[in-house]
Amino acid sequence: MKKEDYEKVMEKMMAVVKPHVGLWDDPFHILITTILSTRTKDEVTDRAALKLFCKCPDPHSLAKCSVKQISSLIEGVGFYREKARNVKETARIIVEEFKGNVPDNREDLMKLPGVGPKVANIVLTFGFNKDYIAVDTHVHRIFNRLGIVNTKNPEETEKILMKKIPRKYWKHINSYAVEFGKNICKPIGPKCQECPLKEWCRFYENSS
Ligand code: SF4
């Protein structure tokens with residue numbers, strides 16, 4: 001694929017799917033919601049987060065809440081017991097080590113339990129308006145299939161995408177690719193015939 005086609009790919013992808021819009025716009029709520037969201041449907045995450053934030057609206061109240069109580073509030077999200085422990089500990093660290101403020105850099109964010117590169121980048125992007133690319137399994141799979149990257153893991157994908165994709169798209173890649181990956185470029189049985197990206201796609205070229 002030629003460099004000038006990367007922009008066309010992004011525009012086409014963004015034209016065919018509607019990304020999920022999060023309910024929160026401040027770093028703390030985005031952080032906790034994103035920790036809860038792994039392997040969980042958006043509507044289940046939103047419902048659980050809403051229940052949790054009614055009881056614990058800030059890091060101080062969440063740090064004081066028991067794991068048992070948090071578990072019962074977020075029950076339904078994947079791995080909810082483990083996530084209950086993680087969000088409580090995350091809140092405690094934010095209170096004790098960061099004066100109650102979510103850190104605005106990747107290094108400190110990734111010290112928090114339940115926070116890996118994807119969660120950190122989502123917080124930096126949507127909570128602090130910084131330019132990062134949050135790479136999850138959908139982003140990793142789609143951009144490898146397209147042939148824009150040829151990588152073994154999401155960390156590598158992130159680095160290559162930052163070199164290749166124009167900066168104006170970075171913060172949008174994750175939310176659009178997640179929907180595109182759920183509906184069109186599915187992990188199993190991608191809908192290549194109806195895909196608007198097929199003219200640029202290496203996977204399609206090799207399979208047709
Ligand atoms: S053509 Fe197929 S493999 Fe390529 S991006 Fe579209 S759905 Fe995915």
Side-chain angles (χ1 to χ4, degrees), residues 1-23 30 33-47 49 77-79 83 106 110 114-127 129-208:
M1 193 188 306
K2 288 182 269 162
K3 200 175 171 193
E4 55 267 31
D5 291 334
Y6 299 154
E7 195 148 337
K8 290 182 196 158
V9 163
M10 287 310 305
E11 292 294 332
K12 287 270 183 190
M13 186 191 294
M14 290 166 73
V16 292
V17 288
K18 211 169 160 212
H20 172 72
V21 179
L23 300 176
I30 291 170
T33 306
T34 311
I35 293 173
L36 297 182
S37 71
T38 6
R39 302 206 194 175
T40 305
K41 289 187 173 159
D42 292 332
E43 55 273 23
V44 176
T45 303
D46 285 345
R47 214 178 308 127
V77 306
F79 307 99
K83 287 176 183 173
R106 196 161 134 137
M110 285 183 50
V115 178
K118 184 198 85 172
V119 174
N121 286 4
I122 286 178
V123 174
L124 292 167
T125 298
F126 294 106
N129 201 26
K130 296 186 178 192
D131 290 326
Y132 280 89
I133 300 175
V135 177
D136 65 355
T137 56
H138 292 292
V139 176
H140 181 63
R141 179 183 69 257
I142 293 165
F143 285 87
N144 268 284
R145 281 178 174 171
L146 285 165
I148 293 178
V149 301
N150 181 15
T151 52
K152 300 242 178 317
N153 56 58
E155 288 73 26
E156 261 185 78
T157 301
E158 183 189 333
K159 285 195 190 113
I160 309 289
L161 285 179
M162 286 171 93
K163 286 186 189 147
K164 292 190 168 181
I165 300 292
R167 201 179 185 99
K168 65 179 177 180
Y169 295 112
W170 291 7
K171 62 176 59 168
H172 305 294
I173 287 179
N174 182 273
S175 41
Y176 283 92
V178 166
E179 291 308 313
F180 190 77
K182 282 183 194 166
N183 296 295
I184 299 174
C185 192
K186 298 176 174 204
I188 298 165
K191 297 179 177 174
C192 298
Q193 286 307 330
E194 61 186 76
C195 177
L197 310 185
K198 62 177 180 286
E199 67 176 284
W200 298 285
C201 181
R202 193 174 55 189
F203 178 94
Y204 180 72
E205 194 184 322
N206 292 340
S207 61
S208 55

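Ligands are counted one by one from 1 in listed order, and the atoms in each one are counted from 1 as well. Everything numeric here is computed off the predicted structure, so don't read it as measured data.
K191 and N183 are not linked by any side-chain donor-acceptor pair at a separation below 3.5 angstrom, with hydrogens and angles left out of the test. A donor-acceptor contact under 3.5 angstrom links the side chains of T157 and T151, judged on distance only. Side chains of Y169 and E11: a donor-acceptor N/O pair is present below 3.5 angstrom, by distance only.
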query = Under the side-chain contact (heavy atoms from CB on, under 4.5 Å) criterion, do K12 and W200 qualify, and how do the steps go?
reply = CA-CA 11 Å; K12 287 270 183 190; W200 298 285; 3.9 Å; yes
Dump the intermediate steps for side-chain contact (heavy atoms from CB on, under 4.5 Å) on M13 and I173, then the final yes or no. CA-CA 9 Å; M13 186 191 294; I173 287 179; over 6 Å; no
Walk me through whether E7 and K168 qualify under side-chain contact (heavy atoms from CB on, under 4.5 Å). CA-CA 10 Å; E7 195 148 337; K168 65 179 177 180; 2.8 Å; yes
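Protein heavy atom nearest atom 2 (Fe) of ligand 1, with residue, atom name and distance: C192 SG, 2.3 Å.
Of all atoms in ligand 1, listed by their number and element, those nearer than 4.0 Å to a heavy atom of K198 are 1 (S). Atoms of ligand 1 lying under 4.0 Å from at least one heavy atom of R145, given by number and element, are 3 (S). Close approach to C185 involves these atoms of ligand 1, each under 4.0 Å from a residue heavy atom: 3 (S), 5 (S), 7 (S), 8 (Fe).
Ranked by closest heavy atom to atom 3 (S) of ligand 1, the top entry among F180, F143, F203, Y204 is F203. Of the options C195, P190, G181, the smallest heavy-atom separation from atom 6 (Fe) of ligand 1 is shown by C195.
Among the atoms of C201, no N, O or S atom is found under 2.8 Å from atom 6 (Fe) of ligand 1.
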